[in-house]
Asker: 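Sharing a structure with you now.
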There are 2 protein chains.
Amino acid sequence: MSVKHSLLALLTQGPRYGYQLRAAFEECTGSTWPLNIGQVYTTLDRLERDGLVEDLGDDGAGHRHYALTASGRAEAADWFVQPSRPQNPPRNELAIKLALAVTTPGVDVERLIQAQRSATVRALQDYTRAKRTAGGGAETGGGPDTDLAGLLVLESLIFTAEAEIRWLDHCEAAVLRAARFGRRPAAVPPHPQPSTPAPSSQRRSR
Amino acid sequence: MSVKHSLLALLTQGPRYGYQLRAAFEECTGSTWPLNIGQVYTTLDRLERDGLVEDLGDDGAGHRHYALTASGRAEAADWFVQPSRPQNPPRNELAIKLALAVTTPGVDVERLIQAQRSATVRALQDYTRAKRTAGGGAETGGGPDTDLAGLLVLESLIFTAEAEIRWLDHCEAAVLRAARFGRRPAAVPPHPQPSTPAPSSQRRSR
DNA sequence: CGACACATGTAACACGTTACATGATTTG
DNA sequence: CAAATCATGTAACGTGTTACATGTGTCG
């Protein structure tokens, strides 16, 4: 959904063509999230089909411009006003992995947590370095707030990574605490077990 | 990718059938992320096609069990060991929206930030309430660590929401600071403007 | 009996990525 | 001229959601 709305938002500044829209998107997000050019065209097709944009045709220079329709403009305005709050927050792969890890016997949860923290710390260092580098260079040529936008995106990554590290620390403590109390490996099967037992070749981490 | 790997991870505890896998997934993540049952079956089909699981056939009770193959077991073990670190972090719709908002004239960024913070604070309160409620109730019947897993998932949501609020506060300050210095509304167009000007019906937020 | 949970699927569609095909223009 | 960039698309596939169809078993 973000691509669709991003294109609508970019078109509020006037008609644009596909290639231009991708460049504008990547510039404004500081190239953090590359946007596939093929998807731009297919999304524009869908937007036109749904009556949110209008095809202005070839301008003679080989550029196929699109403009917002009235409902497209309303949709873009609504996107900016309505807070993003899906009923179910987007799936967090790391949280799922850890939840499955603590419920699966034979998984080295400690190692998982430490490996993940190392990876996140490295990513955080990359972001911090990128933030130092940015802003000092030449203007990329976007509007007056293009640098601000890229900076905010970078800082969003930083805040997220920091939170992930804090959560991992918290998980490590919680897992250790749970392990100190009796951790019985599936003593009483709560559901009727399938007739076929787990194969004996099951891997163990130690 | 998370669904595919989640199913593999659940199957490390022995053969299961589709409906059972969904129940196990939702129980272990505390019903935070509902898993579509149709997707379970199509994913199992793909896993079988790729040689990661094996169809044990109907067990006579109408249950179609699947078991891990050797490569499926290796894949699951690898998923637990390898840290989740995609080259490009998953798109953050809120960050994209804010980046586009500060580069788009006529958008009330202040209002956007405040509306989003309110929504996130409400979500945070929901999570906190859910955390208080959980644990006190009866055992759901999962393994000994099912409660722990659900708790960790909830806390992941809490840590993420808190980070989002902090980031929004930071953005508000940064935007105010940028506004205090000269914010010229697109004085010098950096790219050649399209011939068609933006329609005069453009909405303004105030 | 009727409602509900259990259980397995299919179809259609939205969204996203990768790879490929095609041609114009610019630049070393 | 050759390579890179600009520009527009198509095809195939993976992933995810919603809705529908179908049948069994259980319980009030």
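Quick note on labels: first sequence line is chain A, next is B, and so on, each numbered from 1.
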Asker: So what does B/R22 touch, heavy atoms closer than 4.0 Å: a base, only the sugar-phosphate, or nothing?
Answerer: nothing
Asker: For the side chain of A/R49, counting heavy atoms from C-beta on, which of C/dA14, C/dA7, D/dC6 is nearest?
Answerer: C/dA14
Asker: Compare side-chain N and O positions of B/Y41 against OP1 and OP2 of C/dG9 and report whether any pair is under 4.0 Å apart.
Answerer: no
Asker: Return yes if some donor-acceptor pair links the side-chain N/O of A/W79 with the main-chain N/O of A/S2 below 3.5 Å, else return no.
Answerer: no
Asker: Would you mind checking if A/E172 and A/R117 are paired as a salt bridge, meaning a charged N to carboxylate O distance below 4.0 Å?
Answerer: yes
Asker: Take the protein atom NE2 of A/H63 and the nucleotide atom P of D/dT8, then report the distance between them rounded to whole Å.
Answerer: 7 Å
Asker: Between C/dA7 atom P and B/D58 atom CG, what is the distance in whole Å?
Answerer: 12 Å
Asker: Go through C/dT10, D/dG14, D/dG9 for me and flag the one nearest to the A/Y66 side chain.
Answerer: D/dG9
Asker: Name the nucleic acid region contacted by B/R64, choosing base, sugar-phosphate or nothing; use a 4.0 angstrom heavy-atom cut-off, strictly under.
Answerer: sugar-phosphate
Asker: Expressed as a whole number of angstroms, how long is the span from A/D55:CG to D/dA7:P?
Answerer: 16 Å
Asker: Keeping B/T103 on the side-chain end and B/L100 on the backbone end, is there a donor-acceptor pair under 3.5 Å?
Answerer: yes
Asker: For B/G18 and for A/P34, locate the closest nucleotide of DNA chain C by heavy-atom distance; then report the residue assigned to the nucleotide nearer the 5' terminus.
Answerer: B/G18
Asker: Expressed as a whole number of angstroms, how long is the span from A/N88:CG to D/dG16:P?
Answerer: 14 Å
Asker: How many whole angstroms separate atom OH of B/Y19 from atom C1' of D/dG23?
Answerer: 13 Å
Asker: Please work out which of the three classes, parallel, tilted or perpendicular, describes the rings of B/H170 and A/F159, given edges at 30° and 60°.
Answerer: tilted
Asker: At less than 4.0 Å, is any side-chain N or O atom of A/Y17 found next to OP1 or OP2 of D/dA7? Yes or no.
Answerer: yes
Asker: Can you measure B/F25 atom CZ to D/dG16 atom P for me and round it to whole angstrom units?
Answerer: 10 Å
Asker: Would you kindly compare A/G38 and A/A61 by the position of their nearest DNA chain D nucleotide and give the one closer to the 5′ end?
Answerer: A/A61
Asker: So does B/Q39 get a side-chain nitrogen or oxygen closer than 4.0 Å to the phosphate oxygens (OP1/OP2) of D/dT15?
Answerer: no
Asker: Less than 4.0 Å between a side-chain N and a carboxylate O, is that true for B/D126 and B/R129?
Answerer: yes
Asker: Counting side-chain heavy atoms from CB outward, which of D/dT10, C/dT10, D/dT8 is closest to A/D45?
Answerer: D/dT10
Asker: If you find the nucleotide of DNA chain C closest to A/K4 and the one closest to B/I37, which residue's nucleotide is nearer the 5' end?
Answerer: B/I37
Asker: Under 4.0 Å: is that the gap between some side-chain N or O of B/R46 and OP1 or OP2 of D/dG14?
Answerer: no
Asker: Side chain of B/V3, heavy atoms from C-beta onward: which of D/dT15, D/dG16, C/dG9 has the nearest atom to it?
Answerer: D/dG16
